[in-house]
Amino acid sequence: MPELPEVETVVRSLRPLLVGRRITAVALPSLESNGSGGRVLRRLLNEPAAAFQKGLCGARVEEIRRHGKNILIELRREGKHAARTCLLVHLGMTGRLQFEAIAEPLRPHTHLIFSLDAPGCWLHFSDPRRFGKLRLIEDGVRDLPALGPDPMEISREDFYARLHSRRAMLKSLLLDQRFLRGLGNIYADESLSRARLHPAAIGAALSRGQVARLFESIRDTLAQAIVLGGSSISSYVDAQGRAGWFQQVHQVYGRTGEKCFRCGSLIHRMIIASRSTHYCPRCQRAGRPLAPKAGPPGKGAR
DNA sequence: ATCGGTACCTGCACGC
DNA sequence: TGCGTGCAGGTACCGA
């Protein structure tokens, strides 16, 4: 679900109802209902559940930001133990933060419920596959994993310098959060398609013009996806339950065997960095590695 | 530095 | 209907 545009959409949908609110309690339904709940929460939280609850209760939400695919909920605790803290939420593959009326039936795999000082409004965190994580960190960004620059903030020159020093395949680079933060499988494929670059092309081998095309494509793709509220494949929705629309304009992702909108060729699928990679073999030739010379003479590699 | 493989999980679509 | 298989938007870790 959650790459940069989806996380940005969630952040924007969280703000109106969450900023300024106080967290009054944190309930852990999976701990109560399920024998393996303790193990689930240990993986999700990486600290004892009681300490996590204590760190959040009474804290007021000051601001919500995005850092790559991480959601940063900036908090201030008042009173005797006044302090600034930050709740980092990574949605993993299937994590969902959603406002609910508590009376509604609990969505399966709801692991946390944040009570707020707002009537009739609770924030639920659910995550069927449990690849998500929540971390309480003191004092902001210091403890975050070292991530690369944000694709919407990096300059064209810096992007060129970073890309030109790398000998990895473009798809691998775009998925690498230390190279650039926020892209995932969908937006890597979609950006490469719009830039008309082959996913297996080598970063260092691109011309200045090709790098510029990739730079613009990434920004345009992400910007358009944010406007459309992200891509809703299977179950993604924002904090108010609204689906995104960007999947309607996917050019290659999830379109294996369908016709390219530009040239009519069939979209191919290959594996790079052990991830499904979708591309048009005709439009995305630029930078393609040379075909192996294998095969009997006269049969020329295609 | 880079890559492939594996691991972590559940849910779903599919073919038989 | 039920079963097995493969696949899914995430990261982290290991060994080569």
Side-chain angles (χ1 to χ4, degrees), chain A residues 1-10 30 33-46 66-71 88-97 107-111 125-135 143-148 162-192 199-205 221-222 225-226 228-238 243-248 250 252-257 269-278 289:
Chain A
M1 147 196 353
E3 303 180 31
L4 188 153
E6 289 76 27
V7 177
E8 180 64 30
T9 303
V10 170
S30 60
S33 68
N34 171 343
S36 64
R39 210 184 65 229
V40 172
L41 285 175
R42 262 196 300 283
R43 271 178 43 76
L44 211 56
L45 302 183
N46 96 328
R66 179 184 59 75
H67 185 72
K69 298 173 192 170
N70 297 286
I71 299 167
L88 177 152
V89 182
H90 195 297
L91 298 173
M93 295 267 254
T94 53
R96 184 193 289 214
L97 272 175
R107 187 182 311 286
H109 307 291
T110 297
H111 304 304
F125 175 80
S126 61
D127 185 8
R129 286 177 73 182
R130 297 187 226 148
F131 290 164
K133 64 180 182 184
L134 294 95
R135 302 280 182 268
D143 209 21
L144 290 179
L147 300 181
R162 288 180 80 78
L163 192 63
H164 203 252
S165 65
R166 302 293 296 268
R167 312 190 142 270
M169 291 183 274
L170 295 180
K171 176 65 184 275
S172 301
L173 287 173
L174 296 185
L175 288 178
D176 183 349
Q177 302 299 297
R178 292 162 305 182
F179 177 72
L180 212 55
R181 65 179 189 248
L183 290 194
N185 211 31
I186 293 177
Y187 296 101
D189 283 5
E190 290 298 316
S191 298
L192 288 167
I202 301 302
T221 303
L222 294 176
I226 290 171
L228 294 181
S231 302
S232 282
I233 294 178
S234 75
S235 65
Y236 161 75
V237 292
D238 74 8
W245 292 95
F246 190 72
Q247 70 280 5
Q248 307 278 351
H250 283 179
V252 289
Y253 183 84
R255 298 193 62 243
T256 308
R269 174 177 176 271
M270 68 188 294
I271 302 293
I272 297 180
S274 61
R275 308 299 301 277
S276 260
T277 299
H278 313 76

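These numbers come from a predicted model, not from an experiment. A note on names: the letters A, B, ... follow the listed sequences, proteins ahead of strands, and every chain is numbered from 1. Atoms considered below: every heavy atom in the structure, side chains included; atoms not considered: hydrogens, waters and symmetry mates.
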**OP:** Check whether any side-chain nitrogen or oxygen of A/His109 sits under 4.0 Å from OP1 or OP2 of B/dC9, and answer yes or no.
**Re:**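 Looking at the OP1 and OP2 atoms of B/dC9, neither is under 4.0 Å from any side-chain N or O of A/His109.
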
Original post:
At under 4.0 Å, does any side-chain N or O of A/Ser276 touch on OP1 or OP2 of C/dA8?
Top reply: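 So the side-chain polar atoms of A/Ser276 do come within 4.0 Å of the phosphate oxygens OP1 or OP2 of C/dA8, strictly under.
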
**OP:** Searching all strands shown, indicate the nucleotide that pairs with B/dC9 (Watson-Crick or G-U wobble; both distances under 3.5 Å).
**Re:**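 For B/dC9, the partner nucleotide comes out as none, under the 3.5 Å rule.
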
Distance check needed: [N] [atom2] versus [X] [atom1], whole Å only.
| X | N | atom1 | atom2 | answer |
| --- | --- | --- | --- | --- |
| A/Arg130 | C/dA8 | CZ | C1' | 17 Å |
| A/Met93 | C/dT11 | CE | C1' | 10 Å |
| A/Arg178 | C/dC13 | CZ | P | 11 Å |
| A/Arg96 | C/dG10 | CZ | P | 17 Å |
| A/Leu4 | C/dT11 | CG | P | 12 Å |
| A/His111 | B/dT10 | NE2 | P | 9 Å |
| A/Asp176 | B/dA1 | CG | C1' | 11 Å |
| A/Lys133 | C/dC13 | NZ | C1' | 13 Å |

Original post:
Does the B/dA1 base have a donor-acceptor partner in the side chain of A/Arg167 within less than 3.5 Å?
Top reply: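 No, the side chain and the base share no sub-3.5 Å donor-acceptor pair.
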
**OP:** Please confirm whether any donor atom in the side chain of A/Arg129 sits under 3.5 Å from an acceptor in the base of B/dC9, or the reverse.
**Re:**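 Such a pair exists between side chain and base.
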
Counting only side-chain heavy atoms from C-beta out, which of [options] sits nearest to [X]?
| X | options | answer |
| --- | --- | --- |
| A/Ala168 | B/dT2, B/dT6, B/dC9 | B/dT2 |
| A/Ser172 | B/dC3, C/dT11, B/dC9 | B/dC3 |
| A/Lys69 | C/dC7, C/dT11, B/dG4 | C/dT11 |
| A/Arg39 | B/dC9, C/dA8, B/dG5 | B/dC9 |
| A/Pro128 | B/dA1, C/dG10, B/dG11 | B/dG11 |

Original post:
Can you tell me how far P in B/dA1 sits from the matching atom in C/dG10, rounded to whole Å?
Top reply: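 Going atom to atom, P in each nucleotide, I get 24 Å.
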
Original post:
Looking only at atom P, what distance separates C/dC3 and B/dC9, rounded to whole Å?
Top reply: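 Pairwise P distance, C/dC3 against B/dC9, rounds to 24 Å.
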
**OP:** Verify the distance criterion only: is there a donor paired with an acceptor across the side chains of A/Tyr236 and A/Glu3 at less than 3.5 Å?
**Re:**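 There is no such pair (donor and acceptor under 3.5 Å, judged by atom type) between the side chains of A/Tyr236 and A/Glu3.
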
Original post:
Just by distance, with hydrogens left out, do A/His111 and A/Ser126 show a side-chain donor and acceptor under 3.5 Å apart?
Top reply: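 The answer is no; no qualifying pair exists.
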
Within a strict 4.5 Å, meaning less than it, do heavy atoms of the [X] and [Y] side chains meet?
| X | Y | answer |
| --- | --- | --- |
| A/Leu183 | A/Leu175 | no |
| A/Leu88 | A/Leu134 | no |
| A/Asn46 | A/Arg135 | yes |

**OP:** Starting from the 5' end of DNA chain B, give me the residue, A/Ser165 or A/Ser274, whose nearest nucleotide shows up first.
**Re:**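 The residue mapped nearer the 5' terminus is A/Ser165.
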
**OP:** Evaluate whether the aromatic ring of A/Phe131 and the six-membered ring of the C/dT11 base sit under 5.5 Å apart, centre to centre, with an inclination under 30°.
**Re:**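 Check failed, A/Phe131 does not stack on base of C/dT11.
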
**OP:** State the OH-CD distance between A/Tyr253 and A/Gln247, to the nearest 0.5 angstrom.
**Re:**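 Spacing of OH (A/Tyr253) from CD (A/Gln247) equals 11.5 Å.
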
